[in-house]
*Asks:* 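There's a structure below that I have some questions on.
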There are 2 protein chains.
Amino acid sequence: MPQPDNNTSSIKMLNEDVYPKLASLFKLFGDTTRLRILHALEQKELCVGDLAALLDITESAVSHQLKALKLSNLVKYRRDGQSVFYSLADDHVKILIDIALEHIME
Amino acid sequence: MPQPDNNTSSIKMLNEDVYPKLASLFKLFGDTTRLRILHALEQKELCVGDLAALLDITESAVSHQLKALKLSNLVKYRRDGQSVFYSLADDHVKILIDIALEHIME
DNA sequence: TGAACATTTGAGCAACTGTTCAATTGTTCA
DNA sequence: TGAACAATTGAACAGTTGCTCAAATGTTCA
């Protein structure tokens, strides 16, 4: 006769190296400053100085955060003269923020 | 004649109290343990002991994390005898994880 | 080239986070 | 009621994070 299943035997987990990658990605959205940067970049390509002025934080702080966002391919950039213009790398950012907004609005 | 616009005047930010709420929500997804819990609960209602055994962590650690997930309405629960069974509160969790998976798979 | 502007970088530090451990609370059943 | 099982709680600690400050790097233009 079949052994009684324990309650978790049917659960399929992802490969264990996927969770840290997911967590690193979500961590980037888990900070007010980075969210404000991303939300601004949803609307318009902006340079470091623009973002610093708009969000009222230092250019250094902006640059540090953009570096993190860049490393995870959430933003892309192009240099134009002295300025470096940043924009969203793809539309996943907007989608993620929109879904999260839906959740908190309930 | 119209003043030359600065580069950020057209940007519409959300109410400033929304970003901390969004950040708090995303922070919950920014941890490997919580992601594994959420991913398991996507598939099946589970109690604390099930999760602890499945993920090979202490029941205390599971309980601490479930408390955080509960406070943000990501999971719901029902007591059945000695056990407390947890499940996802809505489908936003699955959607968010799926979009994030899409991003890291690129 | 040199001055001015824009951005990046690295070190240091205060604040926050996730875990462990021990104690407590809740539930069942003999 | 009391023993056993399940879950929760709070304090404490190590590790991480985001900012500031100062210095360095890039770029333009006179």
Side-chain angles (χ1 to χ4, degrees), chain A residues 6-8 16 19-41 44-72 74-87, chain B residues 6-8 16 19-41 44-72 74-87:
Chain A
N6 71 51
N7 195 36
T8 62
E16 283 306 316
Y19 297 107
K21 289 179 189 167
L22 279 175
S24 299
L25 178 60
F26 280 120
K27 263 184 202 143
L28 291 171
F29 289 81
D31 173 76
T32 303
T33 299
R34 282 190 298 266
L35 278 176
R36 291 165 79 223
I37 291 174
L38 290 170
H39 185 241
L41 294 180
K44 194 169 197 288
E45 179 191 60
L46 293 169
C47 67
V48 177
D50 287 340
L51 283 166
L54 175 67
L55 306 180
D56 194 28
I57 51 184
T58 67
E59 295 174 0
S60 176
V62 172
S63 186
H64 276 298
Q65 301 299 14
L66 285 171
K67 184 178 191 176
L69 296 173
K70 207 161 41 176
L71 283 174
S72 287
L74 290 178
V75 301
K76 58 185 199 283
Y77 61 99
R78 66 178 180 87
R79 185 175 269 280
D80 178 8
Q82 292 169 319
S83 299
V84 178
F85 285 88
Y86 284 82
S87 54
Chain B
N6 71 50
N7 195 37
T8 62
E16 283 305 317
Y19 297 107
K21 289 179 190 168
L22 279 174
S24 299
L25 178 60
F26 280 121
K27 262 183 204 144
L28 291 171
F29 290 81
D31 173 75
T32 304
T33 299
R34 282 190 299 266
L35 278 176
R36 290 166 79 224
I37 290 173
L38 291 170
H39 185 241
L41 294 180
K44 195 169 197 287
E45 181 189 59
L46 292 168
C47 67
V48 177
D50 287 340
L51 283 165
L54 175 67
L55 307 180
D56 194 28
I57 52 185
T58 67
E59 296 177 359
S60 175
V62 171
S63 187
H64 276 298
Q65 301 299 16
L66 285 172
K67 184 178 191 176
L69 296 173
K70 208 161 40 174
L71 283 174
S72 287
L74 290 178
V75 300
K76 59 185 197 287
Y77 61 98
R78 65 178 180 88
R79 185 176 269 281
D80 180 8
Q82 292 169 319
S83 298
V84 178
F85 284 88
Y86 284 83
S87 54

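Note on naming: letters A, B, ... go to the chains in the order of the sequence lines (proteins, then strands), and numbering restarts at 1 for each one.
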*Asks:* Calculate, to the nearest 0.5 Å, the distance between atoms CG and OG1 belonging to B:L55 and B:T32 respectively.
*Replies:* 11.5 Å
*Asks:* What is the distance, rounded to the nearest whole Å, between atom NE2 of B:H64 and atom P of D:dG10?
*Replies:* 9 Å
*Asks:* Would you say A:Q65 places a side-chain N or O within less than 4.0 Å of OP1 or OP2 belonging to D:dT17?
*Replies:* no
*Asks:* Does any N or O donor sit under 3.5 Å from an N or O acceptor when you compare the side chain of B:S63 with the base of D:dT9?
*Replies:* no
*Asks:* Please give, in whole Å, the distance from D:dC19 C1' to A:D31 CG?
*Replies:* 10 Å
*Asks:* Do the side-chain N or O atoms of A:R79 get closer than 4.0 angstrom to the phosphate oxygens (OP1, OP2) of D:dT27?
*Replies:* yes
*Asks:* Working to the nearest 0.5 angstrom, can you tell me the gap between B:N6 CG and A:D50 CG?
*Replies:* 7.5 Å
*Asks:* So where does chain A start and stop touching DNA chain C, 5' to 3', when the test is distance under 4.0 Å to a non-hydrogen atom?
*Replies:* C:dA4 to C:dG10
*Asks:* Within this structure, what is the CG-to-C1' distance between A:L69 and D:dT17, rounded to whole angstrom?
*Replies:* 14 Å
*Asks:* Taking atom P of D:dG18 as reference, at what distance in whole Å does atom CZ of A:F29 sit?
*Replies:* 14 Å
*Asks:* Any residue in residues 48-59 of chain B with a heavy atom nearer than 4.0 angstrom to DNA chain C? Just list them by number, or reply none.
*Replies:* B:T58
*Asks:* Looking at every non-hydrogen atom in both residues, tell me the closest pair between B:L74 and B:F29 and how far apart they are.
*Replies:* CD1-CE1, 3.9 Å
*Asks:* Let me know the distance between CG of B:L71 and C1' of D:dT9, rounded to the nearest Å.
*Replies:* 13 Å
*Asks:* Drop me the distance from B:Y86's OH to B:R78's CZ, to the nearest 0.5 angstrom.
*Replies:* 12.0 Å
*Asks:* Could you tell me the separation between the OH atom of B:Y19 and the P atom of D:dG18, rounded to a whole number of Å?
*Replies:* 18 Å
*Asks:* The side chain of B:Q82 lies closest to which of these nucleotides: D:dA6, D:dG18, D:dA7?
*Replies:* D:dA6
*Asks:* Does the side chain of B:Q65 reach to within under 4.5 Å of the side chain of B:D31, using non-hydrogen atoms?
*Replies:* yes
*Asks:* Look at A:R34 and D:dG18 and indicate whether a side-chain polar atom (N or O) is within less than 4.0 Å of OP1 or OP2.
*Replies:* yes
*Asks:* Report the distance from atom CG of B:L66 to atom P of D:dT8, rounded to the nearest whole Å.
*Replies:* 7 Å
*Asks:* Starting at NZ of A:K44, measure out to OG1 of B:T8 and round the result to the nearest 0.5 Å.
*Replies:* 8.0 Å
*Asks:* Just wondering, do A:L38 and A:V75 contact through their side chains at under 4.5 Å, heavy atoms?
*Replies:* yes
*Asks:* Which distance, rounded to the nearest 0.5 Å, do you find between the CG of B:L66 and the CG of B:L71?
*Replies:* 11.0 Å
*Asks:* Hey, does the side chain of B:R34 reach the backbone of B:K27 with a donor-acceptor pair shorter than 3.5 angstrom?
*Replies:* yes
*Asks:* Considering heavy-atom distances to DNA chain D, does B:K67 or A:K27 have its closest nucleotide positioned more toward the 5' end?
*Replies:* B:K67
*Asks:* State whether B:Y86 places a side-chain N or O below 4.0 Å from either non-bridging phosphate oxygen (OP1 or OP2) of D:dT8.
*Replies:* yes
*Asks:* If you assign B:D80 and A:F85 each to the DNA chain C nucleotide with the nearest heavy atom, which residue ends up on the more 5' nucleotide?
*Replies:* A:F85
*Asks:* Look at all strands and tell whether A:S83 reaches a base, only sugar-phosphate, or nothing, counting heavy atoms closer than 4.0 Å.
*Replies:* sugar-phosphate
